[in-house]
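Excluded from the calculations below are hydrogen atoms, water molecules and symmetry mates; all remaining heavy atoms, backbone and side chain alike, are included.
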Amino acid sequence: MRTRSALIATGAALALVTGGAVNAYAATPAPDPVPAVAVADTTPAIVAAANAFLATLTSAQKTAVQFAWTNTTQKKKWSNLPQGLYTRSGLMWGNLTATQQTAWLAVMQATLSPEGYTRVRQEWRADDFLTSGGGLQYGQQYYWIALIGTPSTTTPWQWQWGGHHVTVNATVAGTEVALYPSFIGAQPGSYTDAGVAVKPIGDIWTSAYSLVSSLTTAQKALAVRGSTYIDLLYGPGQDSRAPVYEGVPGSSLTAAQKSLLLALISKYGNLVNAEDAASRLAQIQATLDQTYFAWYGPTTSTGAAYFRVTGPRVIIEYSPQAMGGTASNHIHGIYRDPQNDYGAAITG
């Protein structure tokens with residue numbers, strides 16, 4: 001079994017692909033070893049932030065937000081549907097005081113990377129640009145928090161946060177954090193906030209488009225499965241669906257194309273803090289040859305195309321949606337680990 005320092009070292013090497021220039025990468029042979037990067041265990045900080053949040057709550061709020069670790073129904077109780085179509089449990093964001101909200105954001109910041117935290121906040125903020133009506137409520141206030149199990153540095157627990165178009169399920173078990181399944185989407189996909197243009201997942205699309213554009217004619221014949229986008233296969237309620245391996249496998253990609261595939265996957269792998277992102281990306285690197293990239297839709301830059309990454313340790317989906325305007329401006333997305341959804345591989 002690989003040591004944690006070895007995983008962190010590998011992850012540090014993989015993280016290079018997420019920068020401005022994409023470095024060439026070959027799965028076989030393995031890259032030369034690099035010095036281990038010392039990254040502190042983040043679990044104590046996550047637990048401390050969670051306990052600090054709990055300390056701001058009233059007795060009634062604590063009762064509402066806390067669920068037993070054995071409550072498997074709550075663990076899987078999440079959806080991308082807006083308030084009015086789906087009933088969530090826990091505490092609603094709009095009902096918290098400013099102090100309580102700040103305390104919760106500290107939990108998210110301790111768990112996520114700066115990149116991941118910014119992405120999630122931007123996706124969340126997008127909901128404020130939708131208009132409520134007809135019994136449906138949109139906006140940041142309609143997001144919910146739940147704690148499943150007791151925050152601990154040793155025994156497993158989960159925090160759950162989400163609403164329309166973005167949900168994070170974070171399972172914490174000892175030194176490990178698993179963010180699967182999580183819903184990574186946005187509507188609108190672009191907006192202007194205080195004079196600044198924001199595209200919460202625009203870089204994900206750009207990364208995927210770079211990969212599909214790099215494919216040869218023969219590779220595209222494998223990767224492109226249809227002429228129009230499709231809906232999610234692995235969204236809410238699809239926890240038991242088996243992985244569908246279709247498209248072009250990593251084993252058929254060049255070293256440069258593998259770099260592009262890994263850069264795309266890293267957009268999701270780097271949602272979590274640096275320590276856990278390192279081990280996450282190492283898992284994916286080890287199975288990259290068995291990881292497939294599939295595309296449905298035009299191979300142009302319109303953004304109205306679906307893509308999926310399916311491997312032994314990762315499932316990613318990106319799906320434009322026809323309702324509510326331009327499909328490329330309304331994105332549903334999913335991030336899973338077939339072996340570790342809800343922390344299955346780390347909670348025993």
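A side chain to side chain donor-acceptor pair (under 3.5 Å) with Asp127 is found for exactly one of Gln140, Gln141, His164, namely His164.
Judged by distance alone, with hydrogens and angles left aside, the side-chain atoms of Thr291 form no donor-acceptor pair with the main-chain N or O of Gly250 at under 3.5 Å. A donor-acceptor distance shorter than 3.5 angstrom exists from the side chain of Thr43 to the backbone of Gly174, with no hydrogens or angles considered. In terms of modelled atom types and a separation under 3.5 Å, the side chain of Thr287 and the main chain of Gln290 share no donor-acceptor contact. Counting only distance, with no hydrogens or angles, the side chain of Thr171 and the backbone of Gln158 share no donor-acceptor pair below 3.5 Å. A donor-acceptor distance shorter than 3.5 angstrom exists from the side chain of Gln160 to the backbone of Gln74, with no hydrogens or angles considered. Of the possible polar contacts, one joining the Ser182 side chain to the Leu179 backbone as a donor-acceptor pair under 3.5 Å is found. Between the Glu176 side chain and the Ala173 main chain, no donor and acceptor come within less than 3.5 Å of each other. Remark: side-chain polar atoms of Tyr209 are not paired, donor with acceptor, to backbone N or O of Ile204 under 3.5 angstrom. A donor-acceptor pair under 3.5 Å is absent between the side-chain atoms of Asn329 and the main chain of Pro188, judged by distance alone. Between the side chain of Lys62 and the backbone N or O of Ala55 there is no donor-acceptor pair closer than 3.5 Å.
Under the 3.5 Å distance criterion, with hydrogens and angles disregarded, no donor-acceptor pair is assigned to the side chains of Gln321 and Gln187. Checking Tyr342 against Asp239 by side-chain atom types alone, a donor-acceptor pair falls below 3.5 Å.
Within the 4.5 Å cutoff, the side chain of Trp69 has heavy atoms near those of the Thr347 side chain. Between Asn270 and Leu281, some side-chain heavy-atom pair lies under the 4.5 Å cut-off. Under the 4.5 Å side-chain criterion, counting only non-hydrogen atoms from C-beta, Tyr117 is in contact with Leu105. Counting only heavy atoms from C-beta outward, the side chains of Trp93 and Ile145 approach each other to under 4.5 Å. Ser79 is listed as a side-chain neighbour of Arg88, based on a closest heavy-atom distance under 4.5 Å. Side-chain contact between Thr97 and Thr102 is absent, with no heavy-atom pair separated by less than 4.5 Å. You'll find the side chain of Thr310 stays beyond 4.5 Å of the side chain of Val244, heavy atoms only. Within the 4.5 Å cutoff, no side-chain heavy atoms of Arg308 are placed close to those of Tyr292.
Residues satisfying the salt bridge (charged side-chain N to carboxylate O under 4.0 Å, His left out) test with Arg119, not counting sequence neighbours, are Glu115, Asp203. The salt bridge (charged side-chain N to carboxylate O under 4.0 Å, His left out) test applied to Asp337 returns Arg280, Arg313, not counting sequence neighbours. Every residue was checked against the salt bridge (charged side-chain N to carboxylate O under 4.0 Å, His left out) condition with Arg241, not counting sequence neighbours, and none meets it. Under the side chain to side chain contact (heavy atoms under 4.5 Å, CB included) criterion, Tyr142 pairs with Gln83, Met92, Gln137, sequence neighbours left out. Judged as a side chain to side chain contact (heavy atoms under 4.5 Å, CB included), and not counting sequence neighbours, the contacts of Ala345 are Asn340. Ser328 is linked by a side chain to side chain contact (heavy atoms under 4.5 Å, CB included) to Thr326, counting only residues two or more places apart in sequence or in another chain.
A tilted orientation is assigned to the rings of Trp205 and Trp295, their planes being inclined by 30° to 60°. The aromatic rings of Trp104 and Phe53 lie perpendicular to each other, with more than 60° between the two planes, well past the 30° mark. Note: Trp161 and Trp124 have perpendicular aromatic rings, judged against thresholds of 30 and 60 degrees for the angle between ring planes.
Between Ala277 and Val272, the shortest heavy-atom contact is N-CG1, 3.2 Å. Between Ile316 and Ile265, the closest heavy-atom pair is CD1-CA, 4.0 Å. When all heavy atoms of Pro338 and Gly311 are compared, the pair lying nearest together is CG-O, 3.6 Å. Considering every non-hydrogen atom in both Ala305 and Pro298, the closest pair reads CB-O, 3.8 Å. In plain terms, the two heavy atoms of Gly162 and Tyr143 that are nearest each other are C-CD2, 3.2 Å. Between Leu147 and Trp159, the shortest heavy-atom distance links the atoms CD2-CB, 3.6 Å.
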Next item on the list: Verify side-chain contact (heavy atoms from CB on, under 4.5 Å) between Leu91 and Leu57, making sure each step is shown before the conclusion.
Entry: CA-CA 10 Å; Leu91 292 178; Leu57 304 181; 3.9 Å; yes
Next item on the list: Would you check, one step at a time, whether the test side-chain hydrogen bond (donor to acceptor under 3.5 Å, both in side chains) holds for Gln257 with Gln219?
Entry: CA-CA 11 Å; Gln257 290 169 334; Gln219 289 171 326; 2.8 Å; yes
Notebook entry, point to check: Would Phe293 and Val212 count as a side-chain contact (heavy atoms from CB on, under 4.5 Å) if you check the C-alpha gap in whole Å, the side-chain angles of each, and the deciding distance to 0.1 Å?
Noted result: CA-CA 9 Å; Phe293 175 70; Val212 77; 4.1 Å; yes
Next item on the list: Would you sort out whether Tyr306 and Glu317 count as a side-chain hydrogen bond (donor to acceptor under 3.5 Å, both in side chains), showing the intermediate values?
Entry: CA-CA 7 Å; Tyr306 163 104; Glu317 287 187 284; 2.5 Å; yes
Item checked: Worked check of side-chain contact (heavy atoms from CB on, under 4.5 Å) between Val166 and Phe183 -> CA-CA 5 Å; Val166 53; Phe183 194 96; 5.6 Å; no
Item checked: side-chain contact (heavy atoms from CB on, under 4.5 Å) evaluation trace for Thr56 with Leu96 -> CA-CA 10 Å; Thr56 70; Leu96 300 181; over 6 Å; no
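For the atom pair CG of Leu233 and CD1 of Ile334, the computed distance is 11.0 Å after rounding to the nearest 0.5 Å. In this structure, the separation between OG on Ser266 and CD on Gln285 is 10.0 Å, given to the nearest 0.5 Å. Residue Ile201 holds its CD1 atom at 10.5 Å from OG of Ser190, rounded to the nearest 0.5 Å. Put simply, CG on Leu271 and CG on Asp276 are 12.0 Å apart, with the number rounded to the nearest 0.5 Å. For the atom pair Gln66 CD and Thr150 OG1, the distance stands at 6.5 Å (nearest 0.5 Å). Note: Thr118 OG1 to Glu123 CD = 11.0 Å, rounded to the nearest 0.5 Å.
Cluster annotation: Tyr296 and Leu264 are assigned to distinct hydrophobic clusters (Ile/Leu/Val/Met/Phe/Trp/Tyr, side-chain heavy-atom contacts under 4.5 Å, transitive). Linking Ile, Leu, Val, Met, Phe, Trp and Tyr residues whenever their side-chain heavy atoms come within less than 4.5 Å leaves Ile284 and Tyr234 in two separate clusters. Tracing side-chain contacts under 4.5 Å through hydrophobic residues (I, L, V, M, F, W, Y), one never reaches Ile148 starting from Val107; they form parts of separate clusters. Both Tyr229 and Leu232 are members of a single hydrophobic cluster when ILVMFWY side chains are connected at heavy-atom separations under 4.5 Å.
The neighbour count for Lys220 NZ, taken as heavy atoms of other residues, nucleotides or ligands under 6.0 Å away, is above 12.
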